[in-house]
There are 2 protein chains.
Amino acid sequence: MAEADTTNGTQAPKKELILNAFVINAPGHLSAGSWKHPRSRTTEYKKLKFWTDLAQLLDKANFHAMFIADVLGPYDVYKGPANHGPAASSGAQYPMNDPLYTVPAMAAVTDNLIFGVTASTTYDAPYALARRFSSVDHLSDGRVAWNIVTSYLDSAARNFGLNTQVEHDERYRIAGEYMDVVYKLWEGSWCDDAVVADTKTGVYAEPDRIRQINHEGKYFNVPGPHFCEPSPQRTPFLFQAGTSKSGSDFGAKHAEAIFMGGQTPEKVRPLVDNIRQSAKEKFGRDPSHIKILVGMTIIVAETDGKAKEKEAELRSYADKDGTLALFGGWTGIDLSTYSDDEDFRFVKLPAIQSIINTWTSTVPGSEGLPWTKARIADYLALGGMTAKVVGSPKTVVDELERWVEISGVDGFNLTHVVNPGSFEDIIDFVLPELQRRGLFRTKVRKEGATAREVFLGSPHLLPDHPGSQFKWKD
Amino acid sequence: MAEADTTNGTQAPKKELILNAFVINAPGHLSAGSWKHPRSRTTEYKKLKFWTDLAQLLDKANFHAMFIADVLGPYDVYKGPANHGPAASSGAQYPMNDPLYTVPAMAAVTDNLIFGVTASTTYDAPYALARRFSSVDHLSDGRVAWNIVTSYLDSAARNFGLNTQVEHDERYRIAGEYMDVVYKLWEGSWCDDAVVADTKTGVYAEPDRIRQINHEGKYFNVPGPHFCEPSPQRTPFLFQAGTSKSGSDFGAKHAEAIFMGGQTPEKVRPLVDNIRQSAKEKFGRDPSHIKILVGMTIIVAETDGKAKEKEAELRSYADKDGTLALFGGWTGIDLSTYSDDEDFRFVKLPAIQSIINTWTSTVPGSEGLPWTKARIADYLALGGMTAKVVGSPKTVVDELERWVEISGVDGFNLTHVVNPGSFEDIIDFVLPELQRRGLFRTKVRKEGATAREVFLGSPHLLPDHPGSQFKWKD
């Protein structure tokens, strides 16, 4: 923890954190059952006003971005296979609408908020996806980001006509070529000065400033040119969330911001170092050009005691089967096949052993206690597998500072238990304390900046980003 | 013309017409070059405000719908193959953004306007398309319609990785199975009472009121269930625009509104009769359950003389190469391979012979004149291949009445030469005259009605629609 100590002085100027709100276009996200709570409006997820209200709340509070998760099928491992029951009954990430259609209207009623939207490289043709994001980048004046995923649910694969999903490493090989195609479309097929819209000469776009990309690869043949003229960012700002080996290399190469999970800052530190080191050594990128965010669930109130009470009250809304359905989707483990008194400390599943060990180390006094199914569900009930902090503003912000100092992350993807309630609490209790300590912006640096300008200071891909090699050259 | 005479009395109550505004998400639509005109704002097509302003203009004037065309590649036949130059230079349907992302924001700022959006069955998986339209149907409170196309441009096919596009009849066979899949998802996989969102029992959706569709066909395998809960319309209101034999049968089976082209009402009449007859005899549908609209370009001013002057002024902005690029895309004929003095009356291309014959019959005094390339471009310059009427409000409305009486259509897809200028003229000059004659609504019947309620009186598919067979049955 030597790193932490060297930056622990409160006198030194501190780096402002990046704060995103982590949400999903469904009744429930990471805290199954919480849609029932009076401070949740998520049953209105289908209505545009739910989204524009949330966007305005976050924008006014200077949040950097709303990060919208997405999957393409239900979590149907638990009590499965292919059983949508527990997810449907609890509303746990099911049903779920397409998130990208909410963005233009949210951008129209906000000044600065960025919208990070998940979309998969596995099920959408690169030519079509490039057009979708260019269209929304235009409509949002450059405030959209793409969270690149390769999709991990069998339930999605089956509905796209595959008997089983594409194998994990192959998915990333396909995704790698996919990125080449979209970079060529976004960066290389229209020159900056292609569109002149000159009413004198009558020329809308100069044909010789637009060219085909003629991509012929192993997985894709796309002649181009891109069907859209250059949008404010061209390539949308790129998020990525993979933490596997292939996923991590993919992120080190392509991502401009990475979203990580992790229970302790000590465990996250090597992941952060690994990403930054890979970015530099394998891909020649400046490691500071990747912003790293960690998921964090905050339950905050005036005092530590009141926060504990709030936690207990929130927990009373949790849905056990919904929680275990989410766990099944994330891990592939169907806990319904075990008895209620099974102690998972002694179940020989490497995935669950590793998780149990981590949990035990993060819950004081939990050593020696059995990890039954009920206890697992209870542990995951509020915020799922993200790290959590419960307490007063001081307790919470101390913990966020400790996280940053030890793990080296640039900020947080803040989850909600109740939406918008959890964000209202963060705005009322946490942001003022962060701002008092110089850890969060009190005003935006440039009104209406594009996503990439906010995070990296430039509207377009930086020269060390691999997409830059595809930029138009005369 | 006996049909016309029987309904020509001004005393008899008349059927109110359906009026849609026909637009596209690009600098130019059917009148290449008109983006340069002072009354055109189409170079702002990339901005949300252009769309919300247009939607409010049309909504306030009681237009039924905004119908947004879409293609997936440039018109690159003329001077081709694969030459995007003439389309790019003139901005003729190129570049073009994805239209569906504009709809939620437009719905939010309007009360009643319906949004008909084109999307192809050839390049989007049915599971994904079903989710896209359900999401937008939710966000627009049921005011979205889907214009089903199977895509006809080689330039699109190539960019989706196909060496040539799927053969025409095969495209419609695929589209037929595609429709079965989306009907099963939209109509059959969630019961009306599946979503209870009961805070007492904690049940969001009843699992046994959601079921898999288990579609296994020649082209698609989709187990379902649909990933979205039922939206206001479930199946979005269905538009279709094909006029080929396969396209016409497809429309007679699936469409709830059909958009037709045609130069004269006499030539459109048998197409209308054929659709209605096919709907009844082949598919057992009530012919009145298909609303038929014909494309119409209106140039209107205070007097016939002023309208002619306006036409000439608008024509001075036309872009000849852009017009011929559009013609190349529509017909597959590259007129650049012919000399400037070629008389196309004597060129043995069946497609062009038929078109020339029709044109000659619709332009008084044109018999015996040569149809050169320049004259073709001039003829198509304003509104492309749609029928046109130029004149005073009385002249225009007389012609619209004549069209309805002879052809039997239910209304018009009104094109623009300049956008919003052409719609402003229609609102100022044509709608009052139509309303005076009882031919256009002065107020909407039900505030905030869904698209299908406006056109057919029901939010959901009518019992005689083939999608109804897939409705949930206990």
Side-chain angles (χ1 to χ4, degrees), chain A residues 27-28 33 35-36 43 46-48 52 72-74 82 84-85 88-91 94-98 100-105 107-108 123-125 127-128 131-132 134-136 138-139 158-161 197 199 202-207 210 212 220-225 227-229 231 319, chain B residues 27-28 33 35-36 43 46-48 52 72-74 82 84-85 88-91 94-98 100-105 107-108 123-125 127-128 131-132 134-136 138-139 158-161 197 199 202-207 210 212 220-225 227-229 231 319:
Chain A
W35 62 266
K36 303 185 296 290
T43 56
K46 308 173 289 281
K47 298 292 182 186
L48 195 58
T52 51
L72 291 165
H84 60 259
S89 181
S90 65
Y94 186 65
M96 194 184 304
N97 286 348
D98 189 317
L100 194 52
Y101 294 99
T102 63
V103 171
Y123 304 120
D124 214 356
Y127 183 74
R131 187 182 184 219
R132 296 187 204 285
S134 291
S135 299
V136 176
H138 276 299
L139 293 172
R158 289 192 300 270
N159 279 303
F160 283 85
T199 54
V203 173
Y204 185 77
E206 296 284 1
I210 306 165
Q212 295 202 304
F220 304 105
N221 290 322
V222 181
F227 203 33
C228 304
E229 63 182 89
S231 66
D319 187 302
Chain B
W35 61 267
K36 302 186 296 289
T43 56
K46 307 173 290 281
K47 299 292 182 186
L48 195 58
T52 51
L72 290 165
H84 60 260
S89 180
S90 65
Y94 186 65
M96 193 185 303
N97 286 347
D98 190 317
L100 194 52
Y101 294 98
T102 64
V103 170
Y123 304 121
D124 215 355
Y127 183 74
R131 187 182 184 219
R132 296 186 203 287
S134 291
S135 300
V136 176
H138 276 299
L139 293 172
R158 289 192 301 271
N159 279 304
F160 284 85
T199 54
V203 173
Y204 185 78
E206 295 285 1
I210 307 165
Q212 296 203 305
F220 304 105
N221 289 321
V222 181
F227 203 33
C228 304
E229 62 181 271
S231 66
D319 187 302

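Since this is a predicted model, take the numbers as computed values, not measurements. Any value given below was found using the heavy atoms of this structure, including those in side chains, with hydrogens, waters and symmetry copies removed. The sequence lines fix the lettering, A, B, ..., with proteins before strands; numbering per chain opens at 1.
- Looking at E206(B), neither its backbone nor its side chain comes within 4.5 Å of chain A, counting heavy atoms on both sides.
- Counting heavy-atom pairs closer than 4.5 Å to chain B, the top-ranked of the candidates A128(A), G224(A), P95(A) is P95(A).
- The part of P27(A) that comes within reach of chain B is its side chain, from C-beta onward, which places non-hydrogen atoms under 4.5 angstrom from that chain.
- Considering only heavy-atom pairs separated by less than 4.5 Å from chain A, the leading option among P74(B), G33(B), G28(B) is P74(B).
- Comparing V103(B), T52(B), T199(B) by heavy-atom pairs within less than 4.5 Å of chain A, the highest count is held by T199(B).
- Summarising the geometry of P207(A) relative to S89(B), their closest heavy-atom pair is CG-CB, 3.9 Å, with the distance given to 0.1 Å.
- Nearest heavy atom pair, residue G202(A) against residue D319(B), reads O-OD2, 4.1 Å.
- With chain A as the partner, the residue from A108(B), A125(B), A197(B) showing the most heavy-atom pairs under 4.5 Å is A197(B).
- In this structure, the portions of N159(A) lying under 4.5 Å from any heavy atom of chain B include both its backbone and its side chain.
- A pairwise comparison of heavy atoms in I210(B) and A88(A) identifies CD1-CB, 3.6 Å as the closest pair.
- No other option in M96(A), Q212(A), K36(A) has as many heavy-atom pairs under 4.5 Å with chain B as M96(A).
- If you measure heavy-atom distances from T102(A) to chain B, the contacts under 4.5 Å come from both the backbone and the side chain.
- Among the candidates T43(B), V136(B), L72(B), the residue making the largest number of heavy-atom pairs closer than 4.5 Å to chain A is L72(B).
- Atom OH of Y101(A) is separated from atom CZ of R131(B) by 10.0 Å, given to the nearest 0.5 angstrom.
- Atom CZ of R158(A) and atom OH of Y127(B) lie 9.5 Å apart (nearest 0.5 Å).
- Residue F220(A) does not touch chain B at all, counting heavy-atom pairs closer than 4.5 Å.
- Between A105(A) and L48(B), the shortest heavy-atom contact is N-CD2, 4.4 Å.
- Counting only heavy atoms from C-beta outward, the side chains of Y204(B) and S90(A) never approach each other to under 4.5 Å.
- To the nearest 0.5 Å, atoms CG (D98(B)) and SG (C228(A)) are separated by 8.0 Å.
- With respect to chain A, the highest number of heavy-atom pairs below 4.5 Å among G91(B), P225(B), P223(B) belongs to P223(B).
- Interface check for chain A: of the options A107(B), S134(B), G85(B), G73(B), the most heavy-atom pairs under 4.5 Å are formed by G73(B).
- The contact between V203(A) and chain B is made by backbone and side chain atoms together, counting heavy-atom distances below 4.5 Å.
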